[in-house]
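So the structure is just underneath, and the comments pick up after that.
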2 protein chains.
Amino acid sequence: MGPPMTDFASTEQRLSVTCRRYPDFPRRPGILVRLITHIYKALHDEANALLKPYGLNHPEYNLLMMLYGTTSGTMSPSELADVAGEKSANITRLTNELSEKGLISRSASADDRRKVELSLTPQGLAAIESLLPDICGLLARQGRHLTISEQVQLEKLLKKFLSGLAD
Amino acid sequence: MGPPMTDFASTEQRLSVTCRRYPDFPRRPGILVRLITHIYKALHDEANALLKPYGLNHPEYNLLMMLYGTTSGTMSPSELADVAGEKSANITRLTNELSEKGLISRSASADDRRKVELSLTPQGLAAIESLLPDICGLLARQGRHLTISEQVQLEKLLKKFLSGLAD
DNA sequence: AATAAATAGTACATTTATATAATAAATGTA
DNA sequence: TACATTTATTATATAAATGTACTATTTATT
């Protein structure tokens with residue numbers, strides 16, 4: 001079954017072969033993209049596994065946390081789609097689910113009546129606070145191999161990398 | 001519609017609120033996870049957009065490139081699943097599609113008859129080489145905001161971060 | 001040799017995500 | 001006022017991903 005993908009040696013090997021066959025291939029950006037992909041998938045899987053007992057999946061949890069992070073306590077669907085990186089059609093489906101579970105509520109915006117205000121219900125808040133201890137444990141564990149200064153440095157570099165996307 | 005998500009300021013703002021409401025929240029790992037998520041989605045979307053004219057999507061392209069990177073030219077479905085970060089059930093579907101398009105072929109392994117050997121067909125190789133110029137341009141563009149030494153440093157930190165996942 | 005346990009691959013059902021288009025209401029502006 | 005634009009939802013249809021269970025084969029154990 002090959003080496004566990006957390007080692008990554010085989011990926012480097014394959015990129016070497018690729019560059020030999022096609023010398024123009026940008027090796028370093030290529031490896032960064034593959035690392036990001038593997039990390040994202042691992043994060044996604046771990047979060048889903050942790051959240052399953054709470055009846056939530058990773059995207060649903062994310063939406064709840066976006067709302068939890070606002071000062072006003074509300075966001076419109078399109079804002080939410082933007083900050084969570086979801087497509088708008090997907091936001092409708094996800095917010096429907098969260099709404100059916102009683103975790104968020106919809107109401108018309110006062111100043112722009114085209115807009116819908118999404119906000120956490122008391123049950124939504126309670127759900128978040130019941131799962132946050134687990135999430136905090138997971139996040140701490142996921143970052144444990146990096147020192148604080150490495151985390152700071154990584155954050156800085158990722159922001160710079162992100163700034164090169166989608167302009 | 002809110003700030004473009006390539007800036008990320010609003011994410012930091014939300015994490016500040018979150019930490020104020022729930023002081024145990026691990027801020028730095030949290031921000032790393034959100035950065036990775038946004039970057040992955042942007043990479044995924046850009047790759048899909050580029051590949052669409054070639055009749056491929058990002059996962060399919062990835063599988064082709066994994067095979068392109070082998071010296072033997074073949075891989076079993078489970079190896080491929082491992083290195084591409086796909087679930088095994090998904091590999092069956094994806095390799096079916098690639099096989100129907102004539103880009104890869106299946107054959108029985110000589111030494112272990114449970115195994116299937118997947119390999120690029122001449123058409124698969126031609127497909128890769130026809131899209132690689134575009135891919136190389138994309139990768140180079142995506143990494144252009146980072147210097148070589150920043151790319152090296154980022155790669156190192158991402159590997160360390162990955163090593164903390166799924167043990 | 002016989003049996004048990006592990007591995008590889010797939011089929012099927014379900015869930016999750018996307019793309020597209022149509023609708024409707026509210027807003028801004030010529 | 002008339003008209004284009006924005007916001008959000010809905011409705012399909014389709015695609016992508018996952019979980020579970022099942023078959024065949026190999027490997028290990030007795």
Side-chain angles (χ1 to χ4, degrees), chain A residues 1-2 4 37-38 40-53 55-63 74-101 104-119, chain B residues 1-2 37 40-42 44-49 51-53 55-63 74-101 104-119:
Chain A
M1 100 167 59
T37 301
H38 273 94
Y40 169 78
K41 291 191 175 189
L43 293 173
H44 185 66
D45 287 350
E46 291 191 6
N48 272 328
L50 183 146
L51 291 164
K52 189 160 196 171
L56 292 173
N57 60 25
H58 192 204
E60 289 171 332
Y61 158 79
N62 266 323
L63 298 190
T74 69
M75 265 184 164
S76 70
S78 46
E79 276 180 294
L80 198 50
D82 182 45
V83 301
E86 298 287 350
K87 310 289 191 300
S88 79
N90 212 23
I91 281 293
T92 300
R93 179 180 60 86
L94 290 166
T95 54
N96 278 344
E97 291 170 6
L98 290 172
S99 178
E100 280 159 23
K101 291 174 186 169
I104 65 172
S105 64
R106 285 192 169 94
S107 65
S109 164
D111 46 309
D112 183 341
R113 277 161 29 203
R114 288 170 304 183
K115 287 194 180 175
V116 168
E117 282 180 353
L118 302 166
S119 44
Chain B
M1 104 162 55
T37 302
Y40 170 78
K41 291 191 176 190
H44 186 66
D45 288 349
E46 291 191 6
N48 272 328
L51 292 163
K52 190 161 195 171
L56 292 172
N57 61 25
H58 192 204
E60 290 170 330
Y61 158 78
N62 266 322
L63 299 190
T74 69
M75 264 184 161
S76 71
S78 47
E79 277 180 293
L80 198 51
D82 182 45
V83 302
E86 298 287 350
K87 307 290 190 299
S88 78
N90 212 23
I91 283 292
T92 299
R93 179 182 60 85
L94 290 166
T95 54
N96 278 344
E97 291 170 6
L98 290 172
S99 177
E100 280 159 22
K101 290 174 186 170
I104 65 172
S105 64
R106 284 194 170 94
S107 64
S109 165
D111 46 308
D112 183 342
R113 276 161 29 205
R114 289 172 306 183
K115 287 192 180 176
V116 168
E117 281 180 355
L118 302 166
S119 45

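To find a chain, count down the sequence lines: A is the first, B the second, and so on, and within it residues start at 1. As a basis for the values below, the full set of heavy atoms in this structure was taken, side chains included, without hydrogen atoms, waters or symmetry mates.
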Can you tell me the distance, in whole Å, between the [atom1] atom of [X] and the [atom2] atom of [N]?
{"X": "A:I91", "N": "C:dT18", "atom1": "CD1", "atom2": "C1'", "answer": "13 Å"}
{"X": "A:K115", "N": "C:dA24", "atom1": "NZ", "atom2": "C1'", "answer": "18 Å"}
{"X": "B:E86", "N": "D:dA15", "atom1": "CD", "atom2": "P", "answer": "17 Å"}
{"X": "B:N48", "N": "C:dT18", "atom1": "CG", "atom2": "P", "answer": "10 Å"}

task: Indicate whether OP1 or OP2 belonging to D:dT18 is found under 4.0 Å from a side-chain N or O atom of B:K87.
output: yes
message: Quick check on D:dT7: is either OP1 or OP2 less than 4.0 Å from any side-chain nitrogen or oxygen of A:R106?
response: no
- line: Nearest-nucleotide check on DNA chain D, A:H44 vs A:L118; residue mapping nearer the 5' end is A:L118
message: Do B:L56 and B:K101 have side chains that approach each other closer than 4.5 Å (heavy atoms only, starting at C-beta)?
response: yes
query: Any side-chain heavy atom of B:P77 within less than 4.5 Å of one from B:L118?
result: yes
query: Between the base of D:dT25 and the side chain of B:R113, is there any donor-acceptor pair under 3.5 Å?
result: no
Kindly give the atom pairs (protein nitrogen or oxygen, nucleotide nitrogen or oxygen) under 3.5 Å for nucleotides 11-16 of chain C.
none

- prompt: Are A:R93 and A:E97 ion-paired here, with the side-chain N under 4.0 Å from a carboxylate O?
  reply: yes
query: Does B:N96 use its side chain to pair, donor to acceptor, with the backbone of B:T92 at less than 3.5 Å?
result: yes
- request: Give the nucleotide from the list C:dT20, D:dT18, C:dA8 with an atom nearest to the side chain of A:D45.
  value: D:dT18
field: Aromatic plane relationship, A:H44 with A:H58 - under 30° parallel, 30 to 60° tilted, over 60° perpendicular
entry: tilted
task: For B:S88, answer base if it contacts any base atom (sugar-phosphate contacts may also be present), sugar-phosphate if it contacts only those atoms, and nothing otherwise; contact means non-hydrogen atoms under 4.0 Å.
output: base
- prompt: Using purine N1 to pyrimidine N3 plus N6-O4 or O6-N4 for Watson-Crick, or N1-O2 and O6-N3 for G-U wobble, each under 3.5 Å, what pairs with D:dT6?
  reply: C:dA25
field: Whichever of B:K52 and A:L94 has its nearest DNA chain C nucleotide further upstream toward 5'
entry: A:L94
